[in-house]
Structures are given as C-alpha cells and as structure tokens.
Amino acid sequence: MKWNGWGYSDTRFLFNKKGQAEFTGKRYRLSGLIIPGLKDWMEGTFGASVQHKSQATPILNSSSVQPPNLNEAFVEELKSTGVPYSHDAEDRVFRAHDCHDDVVKIVELACKHNVCLIPYGGGTSVSSALECPPEETRSIVSLDTSQMNRILWIDEKNLTAHVEAGIVGQDLERLLNESGYCTGHEPDSMEFSSLGGWVATRASGMKKNIYGNIEDLVVHMKMVTPRGVIEKSCQGPRMSTGPDIHHFILGSEGTLGVVTEVTMKIRPMPEYQKYGSVVFPNFEQGVACLREIAKQRCAPASVRLMDNEQFKFGHALKPQVSSIFTSFVDGLKKFYITKFKGFDPNRLCVATLLFEGNRDRVLQHEKQVYDIAAKFGGLAAGEDNGQRGYMLTFVIAYLRDLGMDYYVIGESFETSVPWDRVLDMCRNVKARIVHECKERGVQFPPLSTCRVTQTYDAGACVYFYFAFNYRGLSDPVHVYEQVEHAAREEILASGGSLSHHHGVGKLRKAWMRETISNVGMGMLQSVKDYVDPANIFGNRNLL
Amino acid sequence: MTHTYRGSGRAGLYQDEEFMDILEERRRTSDLGHALRSFKPLPYLGAPPCSVAELNQAVLDSHFLRHVAREVAMETGSSVEEVREEACGILEEMSQNLQLGFIRLMGYALTKVLKRLFTSVFVNMEGLSTLQQAMQQTRVILMPNHRSYVDFLVISYIMFTYDLPVPVIAAGIPLAGMKLIGEILRRSGAFFIRRAIGSDKLYWAVLSEYVKTIVRKEFAPMEFYVEGLRSRTLKSVTPKLGMMHMVLEPYFKGEVFDITLVPVSISYDRVLEESLLAHELLGVPKPKESTTGLLKASKLLQDNYGSMHVNFGQPVSVRQLCEGKINRCQYNLIPRDLPQKPTPEAQACVSWLAHLIVRIQEEGSVISPWSLMACLLLQAPVAVLTEDGLPWQQLTERTLWLKRLALDFGGHLKWPGQVSDSDVMSSSAAIHHSVVHQKAGRVYLVQEEEPERRRAVSAEQSVMRTGTSVLMLASYRNQSLHVFVRPALLTTALDVTNSTHKDELFAFFSFLQDLFSSEFIFIPGKLSEDFEEACSLLKKCGAVHIDQQEVTLSHMGRETLSFLKALIQPFIDSYQMMFRYFCEQGAQVITEKQFLPAVRTLATKLLLSGELHTYEALSSDTQKNVLSALQRLEAVTKMRSMQCEYKVNKPAVRRIADILSGKIPVQMLRTPPDARL
C-alpha cells in the first residue's frame, strides 16, 4: 500500500520512455497495458505537459513529523492489557486490535485517562473525517480496526453473516464467495474500505438496486461507546420499538463509539452477470431514460450515465488494441453512431449497465431496459464498453495520482437530488466550477464533469469529477478548496443534498445546521452529550 | 468619415464610450438593400433553435399551467378542459411569432421613419460589441427605458443591422389591437400583455409560464420595460416588479445558471409625443392606439426631432448581483413548478435589482443642452416667460454655468464640440419651437394656439394652455433631474431645517426620500450612500464645507444652492397644495375619481389667485405620486373596496405638511403631538 497515494504500491499510471501512458501491476484488467489516448487527452483537457513534472514526496522522513503527544499513564496501562500499539512516525500518519473485547478495554482506558479516540477502518474517507482536529490538546489514539477482520458465523437459514467490523470489502466478498454467498455491497472503494466505515458513513454500493444500501443490509450491530455497548436484543427483520437506534449509529462518523460487529444480510452468488452500455444523443435524453427506468422500477443492478466529457475521458482510457480487426470494428461503430445516426460527438453520452441474477431473467430484463432506452434515442453500444466503464471506477483514483505528478489536481464529490432538478443541478454545478476556476486564476479550463450513478424512486445520486491544471497558482490546494466549497453551495442552491454517501466529516460540517435545522442539530447533540459526555470520540465530525 | 463623439460615463456604463450614427450609412445606401441584406445573426447561446409552436406547446404542457388550470377549474366550477381551452386562447392572444421576413419589413419601414424624424441615431458601439459577446454566453434580458412609441422596435432594428439575435419584446395589449400593425409587431417579436390583470389567476399563470419558458429555453433574448409603461413625464418611473420577478425566477430556482441584464438608455433631443403627453397629464384622455390614429399622426413626421441616443449599458450578472441577497435553497422543499408566493426576501431582492437597473438607465441617459435650458427656464416666473420674455443672453450664460455643474455632478452630457456654444443653444431652442420661441433677444414660452373660433379664452382655459407648455418644459427638465436630485434634496434639507448637524440633515434627507420616492428613483437600502453622495457632490462644487459632524454653507455656493433649491421647489409646492386639499376637503373618504379633478380645480383656483406658483401641480402624475406618498407614510389608507376609495387621516397629513415646511421636526412623523395625553 502507498502512504502518499491511492492503493497498492505496485499499481500506478506512468508515462514510459516512449512517452506513452502505461498502467503497471497485475491487479486490474487494465494492468500492464499501454493507453495510447491518455497523453493527448491530458494535454488537450488540462493543457498539462509530460515535460512538466512535480513528483510526490517519495519517503516519509520521521523528522518531518512532530513528536507524539503521549499520555504516559494511558500507555502504561495499555501495555498491561496486551493490546498492540505503535507510535512510529509512519504508523501515525498511515495506521496504528483484535476483537470486540479489546475495544471495550481500550475505550474504558481512554475514558479513565481522558484520551481522545479516533476509530480508523480503511482510511478511504474523503470528508476529512480522519484528520486529527488541530484544536485537540489531549493525546489522540487512532483506534485501528484492521485486525478485526473475521467472519464469525454464517446463518444459511436466515441468510445472514456475523462479521467483525474491521473487515475490508473485497476480503468480505471473497470469503463469502468461498461459501457461495455475497453481500452485494460494492462501493467504489470496496478494495480498501471497511464494514465499520460503511456503517459509520451510511455507505452506498454500486449494486444497491438489488442488494440495498448499507442501512438496508444491516440486521444487527454492536457499538462500543463510553457509556457501554449498544445493541439490540434480537435479530427481527423489522421492529416497531420507537425510533430505530441503528440510525443513531449509521452515519455517526465515529463520534459516538466504535462499531465492532455487524450482522448483515447475504445472498447466494448470482448465477449470471452481464454488462451493457447505451449511447444517447445527449445528456438530457439519457437522464430522461434513467428517470423512466426508475419510474418503471426496472433498474438493473447498476446503471450509470456519464456526461459527454466523461465519455471522452473513458475513450481516452482505451488500451492499445491488439488486432487490426478490433480497430476496424471500432472505427465502424464510431462511423455508425456519429455519421449514420447523426449523434454529435460533443454532445453524446453513454450509460453503462450491469445485470445480475438468473440467466433467463437477466436476458428478459436486458431487453426491457434496452426497449426503454430506444424510446429516448439510446443505441446499445456493447458489453465491452459497459465493463470498461465499471473497471474505470477502480482505476480512477490511481489516475488522480498520475495527474498530481503533472500539476493536475482533482477530486470527486457527490450528492443526491430529486429527478426534476437533476439536469439543472448538473449544468449549474459544472458551470459554477468553470466560472470559479476562471475567477481564481486557473489558466486552463478545468475538467468539470458528472455522472448519474444511482437511481431512486424520487431522485438520483450524482457524482462530479473536477480537476484542473494548477501551474501558475501559488496556492493550488487553497484554490481547490474554494472551488469545491463554491460547487457545494451551488449543489445546495440547486436542490441537491449535502451528501449521498460520502458523509459530512469536517469538510462539510459548516452546512449541517442549515441541512438538518436547529432542532435536528440539538437532537444529535443531545445524543452525543449523553453517550459521550467527555468527548472521548473527539474527531469532531458532523456537529 | 463617421460622425462620432465622446461622452463621459459613470458607474455601470462605459467610461469613455464612442457613439456612432447608425443612420449615416442608411443615408448613403439603399433602404431596400439594407432590409434584404443577408441576416446571419450569431446563434443565441449556441442553443439548438426552438420553434414558436414548440415554445407555445411547452408552455401549455407545463406542470405549472396544468396545476393552475386544475385549481381554477375547481374554484370556478368549470371543467379542466374548458379552463385549458381558455388558457390556450390567452396564449394565442399573447404570444409572439418572430419571423425573419417581418424583421426585414420592420427594418425597411423603420429606416424610412428614423431617417425622416431624426438627424442621427447614435449607438455606443462598444456596448454593442460587449452585448454581442454576452449573447453567446448567457441569457440576455434587454432592459430599455421607455420614453416614446418610437423606441419600441429600435433595439430590434439595431440587432438586425448588426447581425445580433432579434429579441422578443413585452408589449401592452393595446398595440395588438391596431389593425395590421399589431400583427406586424407580433411577427417582429412582440408579445402582448393585458393592462389590468388584477387577480385573474389563469392569465397570470399563462403569462409567467410564457416568460419563464422563454428564459429557460433560451428561445431568444428578451426585451421588456422594467418601468412598465411609457414615462409620461420623461422621468424614470418606479419599476414594476411582476415581470421582473418572472424573469428572475428561473435563476432563483436554479433552472438556469445565470441571467444577464443589459440596461439600455434611450434618450431623445425632442420627443414625438411631447404635447400629447402634456395633455394627458392635464387630464385629456390618451387617444386609443389605432392604425388610423397612427396615420393621422404622420403629420408629426414632418418636423425635426434632433437626434436619438441608444446607450447599451454594461451587462450585469444576476448571479453576481444577488450574491448574499437571495438564499436559493428556499425553493428546495416545494416542487418548482407549483405556484409559490414569493418570499419577502425574494421580493426585496427583485425590487432592489429593478431599482438598480432603472438607476443605471438614468446614468446612461444622454443629457441634451436643451434639458439644462429647460431647468433654468422653469425657474423664471411664468409671467416673465409668457409676457416679458427672458433675455437670451442671460439664459445662455446661466446654461453654460449649469453645464459645468452638471459635469461636476457626473452627468452624461452631450454637448457638440464642433460648433460654438451659442450655436448649440440656438439650435436646441430652434428644435423645440413647439415650446419656446426667440424674438428680439428674448425667449418666450409658446402658448398653444386655439384651434377653434376666436372666442374669448376663459381664465381657466388660459391656465390649461400655459400648463401645457410648462409641463412640456418640465418633461425636458426631468431628463436631467437624476443628476441633481440627491444634492438638491440635501440643499432642501439645509434650507428647511436651518441646521448644520449631519444627523439632523440626514433625518430630513431620509424623510424627503421617503416622501418623494415615487417621484425620483432611490435604490432601497442605499439611503446612507445617497446622503454621502449628496454631501460629496455639494462639497465637490464648493457649495458646502463638510467635517465630521457638520455641513456648513460656503459663500461661493450661493448660486448652486439656490438653483438646486429652486429645482425641487415645484415639487414641494405641489405637494403642499395637495396636502392642503386633503386637510380642507370635507369627507373622510375620497375616491380616486373625485380626487384628480378636484385637485386640478383647486390648483387652477390657486394659480389664478396667485397663491400657487407652479403649474406642475396640475399634473396628474404628481397628483398620483402624492397619493402614493401619503399611503407610504400611512396618512392615507386604501380601503378594501371596488372603486379605489381612500381613507384620509387629516392630522397625519397636516403633520407631514408641517414637517415639510419646517414647522415641526422630522421626529414627529409617526408620533402624534398629543401622544402623551
């Protein structure tokens, strides 16, 4: 794992000696391949140049990190419990237990010695939730749950699994697959994010249309708080026992305690999977189609609609084709869509689809969706395009690191919005990003693009990508933050939510009061005051 | 050689713009050739064009209109189909039908008319090129002032001449009723709005959806008069907010990223309708807009009307202006296509923006030498003007003095440089032969000729005749009033309060703004800035000294101060006269129908007896403004009944009159003197 970038150490994008982009490693479908279009796309989109490089800090130097602020009494007593710990420089910035009982001990000790605890799962947060609050003067302990990664039992009668909360998504899925099951919960970060983190942020998975979001998947859970352990007494699938206490835990973002064990629903592994894609003449038609699919409640396991910029981006990431035949076929397809069907290459957009389940039903379902798409001018564009779309989700974070090597910084953010406002919001936010970048002296037009990634009965989840070339700016990170802030204000003003699944953390705290009202803030605050009066879980997220 | 000159500009306008006479080329080439030229406007926003039929269908299909139709059906007991049928009819009556062929026809006819009427039509080319850029980037709303029927299509004409997208224009329904002309206007992009819509819910719904759809769909740039109607006095009119709100709502609701407003200032040396307007102000009803009327008016075309200026202001971004003034999240909880009453915040924002635009229009208006002369002529006693005549020499000297003051105050003056000052003034007076005539080195006010038998003119009739000329003169003075009004109000405050304390002056200044806010345009919430501006302008021209707390008069400033005081005096006298009417008339409740003639009769009587000096008190515009001022100050309340009835609180009116004359301090405005009893 990298400490200064996304993901595995062996996997990265780079420009090889011939100046062509290459994706290293063996882990992904794109690994080891040459991507001929990427260089031109980067140069064309950002005005970035392969000649202008700005390398990341290669090794962590322990002298560049401040010495730890230790609570000696706490450390002494921790030693006697036998719980492993570390305060090496690398562990402190990157990572620092073993079971529920260990957590109980640590939380008790922390309360006794007034030490601040920050739970740490996979570390994939994008809301500054894991940053230590600068105003915190107590000793801070990062409570790493990564060793609590076992499946404790599987209940095949009720189709549930009881799992420790530190388990990482891909391990959970792999282990369940060995017994012929899956959870179906696949957030884009599933390679690295943990079950506890999902619960703490109200995570959402790509295939939520079949399996549901995390709140639909959880049947039971345990959380260790300074007041003790909170859990329900049974595993009834639904209860009417006052407000659901699970909803105090879901989305609590580590402010109330540590989630240690979760019982969640599992499903038999799908018999058949099929990718697909549809090209639309423009984004408006694409959104209208998704809306219709949602209306008819026939959304496939996943459906995502990318705008034109993202379509072009996806195109740039096509690996080198091995045979003349494939490139001939590609050329023919392009000709058919742009010339024969009259799609404007600067307006068309593409939806990627994933169907899952019984083979016959998948094929039937596929036909139904393609029929709806046809009504909105959509043309089926093949399985391969669809599959590549989903694969890109996993490599895009690596690509951000490549960008940073060449003066390009970028990030993604998300929201949810009612159907009638999807188009207006997408247009406003993208325009606002371009406008703000210009105002702040960004010299090249930024990449400002979005995609609709989830459909609901009453609205959709929209993901924005935003990146710009920061050459010539004195404080690019600050500019970045200002633009992101402006973009979020535009989202809110256009009827979007503060977050669909990333959470609030510290990044979006400023908008919480207007989002949930004074009374809402008071309710959350009073829960916090009761559960954790000494603010042991002091990461200061949310409130 | 192109005929150009430079003017000096102020905030919101180009600092140093160059005007070009667009008629010059028309005089050299064929009019038909111009009309048939290949017109290739740059695409508006690069949006795929949408047809008129599609636009209208989108309006009818909108959820908003469906919803309102259902509501109206429920309320009236008719079927939804009937109501939708009715909506269809309203839309048909309203909608424009922009067609290139008619733009050409309009171009041809307008070239003929403009060439006949005006020596030049000046346009600021820099503003036009900025507009061209704006039209490719954002939705553009053209917001001209409205001073004459002539300016109705002039912007479209300029757009056609310079290959810019032709706008759709909001017009009053009477124009649609004109035979043939109505249809030509419709096909030139005009859409028609009824005058008194009142509480006709369906009509409001169709209109607002129509306007919003044009804005949302980027159909074409839109042009509308934020003042709502043609100014009868050539003074800016308090903006109407209904249309403005409809235009801005798509931005408030996040349906569009931004809207660009382009204030346009149109100014005339001489207005075609000058005597018509003066008669209307004196209570002679406006002739109905008709095609035959228009043909009859064609004798007006024989006269010379000087030049016309069209000044395109700097485009302003609604997004930028509304920053911090409107919380767009307020629209998040109700579906945007349901009718929703505007919140006080939205209303305040719309009002502020509308006033701001009118102020920019004012600042962009070009002031002619004649307007300055009119200011001075009106300060001479009427008897002098009608009988003895004012020495020409005196008038020209004073005008040159006033020119310097106007420039000091940042006025946007057009003073031709190539000819001598006295020629400039003589030719100005010559153009306005309908108002003044020169004889033996003296200037006289022209008295309207009596058209019929030479019967002895009654005293009342003679008052009306003089009134007509005075009101025409007053209109031309009004063209430059906005330059002087703030320092003039401060001068009045200095004079009435006899105080030097800034606080006291500010309090009186604020009272005057309140009292006169239908008379002059003040941007809501800018009172303190206005006061500071007034102080600094008076200081700049050396009329006062200002330190931390005090404003003291300077000896050098006597001429300036007495001019400014006299500028406001007709308004104060007219207001006092009407306050007197309200206090002296017997009834507690009066109707608007009774009020206007009664006040006119009283004014005539007082003018004849010599108690009243200003003929401007005869103007129905001033009379209506007093009524709204008293309502604003809560001395008169409108009663909830059909025929505009007003309840008069006489002590309150008396209090206002006493404050205005300096008998009691401003602080007494809302506390009755005997409150302690």
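Chain identifiers are assigned alphabetically (A, B, ...) following the order of the sequence lines, protein sequences preceding nucleic acid strands; residue numbering begins at 1 within each chain. Here the structure is a predicted model, which is why all the values come from computation and not from measurement.
Between A:Trp511 and A:Thr515, the side chains place no donor N or O within less than 3.5 Å of an acceptor N or O (distance only, hydrogens not considered).
Salt bridge annotation for A:Lys375-A:Glu292: absent, with no cationic side-chain nitrogen under 4.0 angstrom from a carboxylate oxygen. By the 4.0 Å N-to-carboxylate-O rule, B:Asp258 lies too far from B:Arg139 to be salt-bridged with it. Between A:Asp307 and A:Lys430 there is a salt bridge, since at least one side-chain N of the basic residue sits less than 4.0 Å from a carboxylate O of the acidic one. A salt bridge is absent between A:Glu284 and A:Arg427: the closest approach of a Lys/Arg side-chain nitrogen to an acidic carboxylate oxygen does not fall below 4.0 angstrom. The existence of a salt bridge linking B:Glu255 and B:Lys212 is excluded, since no basic side-chain nitrogen approaches an acidic carboxylate oxygen closer than 4.0 Å.
The distance from atom NZ of B:Lys253 to atom OG of A:Ser494, rounded to the nearest 0.5 Å, is 13.5 Å. For the atom pair B:Leu142 CG and B:Leu131 CG, the distance stands at 6.0 Å (nearest 0.5 Å). Between the OG1 atom of A:Thr455 and the CZ atom of A:Arg304 there is a distance of 12.0 Å, given to the nearest 0.5 Å.
Using a 4.5 Å heavy-atom cut-off against chain A, the contacting residues of residues 319-331 of chain B are B:Arg319, B:Arg328, B:Cys329, B:Tyr331. Using a 4.5 Å cut-off between non-hydrogen atoms, the part of residues 486-493 of chain A that approaches chain B consists of A:Glu490, A:Leu492, A:Ala493.
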